[in-house]
Amino acid sequence: MSHRTPLIAGNWKMNKTPAEGVELAKALVAQVGTESAVQIVLCPPFTALDAVGRAIEGTHLALGAQNMHDKASGAFTGEVSATMLRGLHAGYVILGHSERRSIFGEDDAFINRKVLAALEASLKPILCVGELLSEREAGRTNEVVRIQVEKGLAGVPAGRAEQVVIAYEPVWAIGTGKTATPAMAQEVHAFIRGLLAAQFGAEIAARVRILYGGSMKPDNADALLAEHDIDGGLIGGASLEAKSFVDLVRSAAKSLAP
Ligand code: PGA
């Protein structure tokens with residue numbers, strides 16, 4: 001960990017009704033609502049954004065969405081825009097999650113348009129990248145990650161690059177209980193920071209948060225967060241219960257200790 005403010009984001013995926021979301025958010029506020037050393041972001045489904053946003057109002061917790069469309073408005077049944085998310089006081093949006101890429105066929109060009117639209121609307125994109133198991137086994141991890149980062153961030157002005165958060169999520173580790181070892185993750189995180197330096201310069205690259213995601217849990221978080229280029233986590237399963245999510249926030253706060 002470094003001078004970058006660590007970020008722990010909960011990706012609730014398609015879980016929690018508004019009432020359940022409020023219950024979880026209130027439990028988190030009670031336990032880590034004043035935690036200012038760690039940026040905490042809750043990403044409920046669209047239907048719970050408004051209620052969860054109200055439950056965390058005035059606290060250090062921020063609100064994020066799990067997806068959006070790149071267009072501002074129009075005939076796009078079932079979609080929501082960056083402006084609509086801003087209207088609910090969302091500050092972050094997860095883009096290019098591997099489930100969006102694999103189940104819903106999103107490609108790098110579409111994801112790039114969303115990144116640009118999010119930044120335009122002052123929403124911080126959490127751009128997800130990561131390789132499949134077959135790609136890792138074929139020695140293609142860096143190539144796959146490079147293409148996703150470069151295409152995902154194409155056209156991002158250097159002046160806005162610091163608003164971007166990258167989440168490295170090896171697809172084989174998501175929801176499987178398998179995590180990358182800290183050394184494996186650090187290697188890819190350092191590689192990503194090098195890509196950011198090539199595009200935006202070393203100074204800006206040093207300020208961008210790069211999160212790890214994929215079965216991050218209280219029992220493996222300390223070792224991952226101790227790595228120099230791992231600035232937090234994008235948490236799926238372990239974000240659905242207050243206890244495990246709070247433990248992860250505490251791990252991130254602890255990682256700041258000299
Ligand atoms: P997981 O999900 O923590 O359940 O592996 C992470 C993610 O998909 O963002």
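Order of listing sets the numbers, starting from 1, for every ligand and every atom in it. In what follows, residues are counted from 1 in the order of the sequence shown.
I230 and V41 are not part of a single hydrophobic cluster, where members link through side-chain heavy atoms under 4.5 Å apart.
On a distance-only criterion, G236 and ligand 1 share at least one N/O pair closer than 3.5 Å. No N or O atom of T176 sits closer than 3.5 Å to an N or O atom of ligand 1. Geometrically, ligand 1 and E99 share no nitrogen or oxygen pair separated by less than 3.5 Å. Between I174 and ligand 1, a contact under 3.5 Å exists for no N or O pair. For the pair K217 and ligand 1, the shortest N or O to N or O distance does not fall below 3.5 Å. Polar contact with ligand 1: absent for A238 (N/O pair, distance under 3.5 Å).
Near A173, meaning under 4.0 Å from one of its heavy atoms, ligand 1 places the atoms 5 (O). Those atoms of ligand 1 that come under 4.0 Å of a heavy atom in G175, given as number and element, are 1 (P), 4 (O), 5 (O). Close approach to H97 involves these atoms of ligand 1, each under 4.0 Å from a residue heavy atom: 7 (C), 8 (O), 9 (O). Listed by number with element, the atoms of ligand 1 under 4.0 Å from a non-hydrogen atom of K13 are 2 (O), 7 (C), 8 (O). Listed by number with element, the atoms of ligand 1 under 4.0 Å from a non-hydrogen atom of G214 are 5 (O).
Checked by atom type, the side-chain pair E57/H89 shows no donor-acceptor distance below 3.5 Å.
By the 4.0 Å N-to-carboxylate-O rule, R101 lies close enough to D108 to be salt-bridged with it.
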Intermediate values then yes/no, side-chain contact (heavy atoms from CB on, under 4.5 Å), F76 and D70: CA-CA 10 Å; F76 301 100; D70 67 300; over 6 Å; no

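In terms of protein heavy atoms, atom 4 (O) of ligand 1 is closest to G237 N, 2.8 Å. Among all non-hydrogen protein atoms, the one lying nearest atom 9 (O) of ligand 1 is E169 OE2, 2.7 Å.
Applying the side-chain hydrogen bond (donor to acceptor under 3.5 Å, both in side chains) test between D231 and each of Q39, R193, H189 identifies R193 as the sole match.
Within 6.0 Å of the CD atom in E150, the count of heavy atoms belonging to other residues, nucleotides or ligands exceeds 12.
Contact annotation: G213 has no heavy atom less than 4.0 Å from any atom of ligand 1. Residue contacts with ligand 1: C128 is excluded, as none of its non-hydrogen atoms falls under 4.0 Å.
For H97 and F104, the gap between ring centers reaches or exceeds 6.0 Å.
With a 4.0 Å heavy-atom cut-off, ligand 1 is reached by no atom of S239.
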For residues 119-128, which side-chain N or O atoms pair as donor and acceptor with protein atoms under 3.5 Å away, sequence neighbours left out?
from : atom 1 : to   : atom 2 : distance (Å)
E120 : OE1    : R160 : NH1    : 3.2

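Residues that satisfy the side chain to side chain contact (heavy atoms under 4.5 Å, CB included) test with V144, not counting sequence neighbours, are E131, E135, R140, Q148.
Note that K114 lies in the cation-pi zone of F110, set by a 6.0 Å cut-off to the ring centre and a 45° limit from the axis.
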